[in-house]
Amino acid sequence: GGVTAVAFAAILVSELAKSVPESRLPSGGRAVVTDQNGLLLVANPSNSAEVGKPLRSAALQRAFETRTAGITKGPDASNIEQIYAFSPTGNQPENSFFVAVSASVDEIIAPSRKRLLLVFLALTLVALLGSWIAWVSGGRMIALPASRILKATRQMQDGRLDVRIPLHETGKSSELT
């Protein structure tokens, strides 16, 4: 049993660097590929000054230390709150590259905030409309008949026993009159 063959594989970082910038990202988003030590190999948007250096984001550094895929939140190097999704590229995280994609928290939640505002405005309008309908209906169905009954009662107290309250509807409120 001696060695019968040797296999060697290499990845040209320059070729990898060509594919990452082509990936579509949300506005303000960023994609990075690092080696197993957290050294930046490729970034989108490209920043050649950072290539070969450790990641500047402490949140992303902590995420890569777990050697698993996941999602985390934290400030980037510019202290802007980001959401990061990250994953090792191979079956053995200690020997693989890591890929991370980040986007600004504000960019991610902006559509939800707008939708929440629209829903809040719609509910407010429905509540105001419902209150107005209740006010108008209450006036016609409760307050007006009650004021007619009170007026007739006062007239009867004054000695006018020929007072009549006109009935315009049938139902429980007309039974009262």
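Treat the numbers as computed from the prediction; the structure is a model and nothing was measured. As a basis for the values below, the full set of heavy atoms in this structure was taken, side chains included, without hydrogen atoms, waters or symmetry mates.
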- If you measure from OG on Ser57 to CZ on Arg30, what distance do you get to the nearest 0.5 Å? 9.0 Å

- Query: Just how far is it from atom CG of Leu144 to atom CD1 of Ile149, taken to the nearest 0.5 Å?
  - Reply: 10.0 Å

- Query: In Å, rounded to the nearest 0.5 Å, how long is the span from CD of Gln157 to CZ of Arg154?
  - Reply: 8.0 Å

- Message: Can you tell me how the ring of Phe86 sits relative to the ring of Phe64, calling it parallel under 30°, perpendicular over 60° and tilted otherwise?
- Response: perpendicular

- Task: Write down the atom of Val42, the atom of Leu40, and the distance for their closest heavy-atom approach.
- Result: O-CD1, 3.4 Å

- Nearest heavy-atom contact between Phe97 and Leu41 is CE2-CD1, 3.2 Å

- Query: Got a second to check how far Leu118's CG is from Leu123's CG, nearest 0.5 Å?
  - Reply: 11.0 Å

- Correct closest heavy-atom pair for Arg140 and Pro145 would be O-CD, 3.4 Å

- Message: I'd like to check Val32 versus Leu60 (side-chain heavy atoms, cut-off strictly below 4.5 Å). Are they in contact?
- Response: yes

- Item | Linked, directly or transitively: Leu129 and Val126 (ILVMFWY side chains, under 4.5 Å) | no

- Item | Nearest non-hydrogen partners of Leu39 and Pro54, listed with the distance | CD2-N, 3.6 Å

- Message: Would the distance check show the side chain of Asp158 and the main-chain N or O of Arg160 forming a donor-acceptor pair, the cut-off being under 3.5 Å?
- Response: no

- Message: Using side-chain heavy atoms (C-beta onward) and a distance below 4.5 Å, is Ile83 in contact with Ile108?
- Response: yes

- Message: With a sphere of 6.0 Å drawn around CD1 of Ile71, does it hold more than 12 non-hydrogen atoms of other residues, nucleotides or ligands?
- Response: no

- Message: Applying side-chain contact (heavy atoms from CB on, under 4.5 Å) to Arg113 and Asp106, what does each step give before you reach the verdict?
- Response: CA-CA 9 Å; Arg113 280 186 179 163; Asp106 291 334; 4.1 Å; yes

- Query: Taking atom CD of Glu81 and atom NZ of Lys73, what is their separation to the nearest 0.5 Å?
  - Reply: 5.0 Å

- Query: From Arg164 CZ over to Arg148 CZ, what is the distance, rounded to the nearest 0.5 angstrom?
  - Reply: 16.0 Å

- Message: Does any part of the side chain of Gln155, heavy atoms only, come nearer than 4.5 Å to the side chain of Val163, both counted from C-beta?
- Response: yes

- Task: List the atom of Tyr84, the atom of Pro75, and the distance in Å for their closest heavy-atom pair.
- Result: OH-O, 3.6 Å

- Task: Return yes if some donor-acceptor pair links the side-chain N/O of Ser137 with the main-chain N/O of Ala134 below 3.5 Å, else return no.
- Result: no

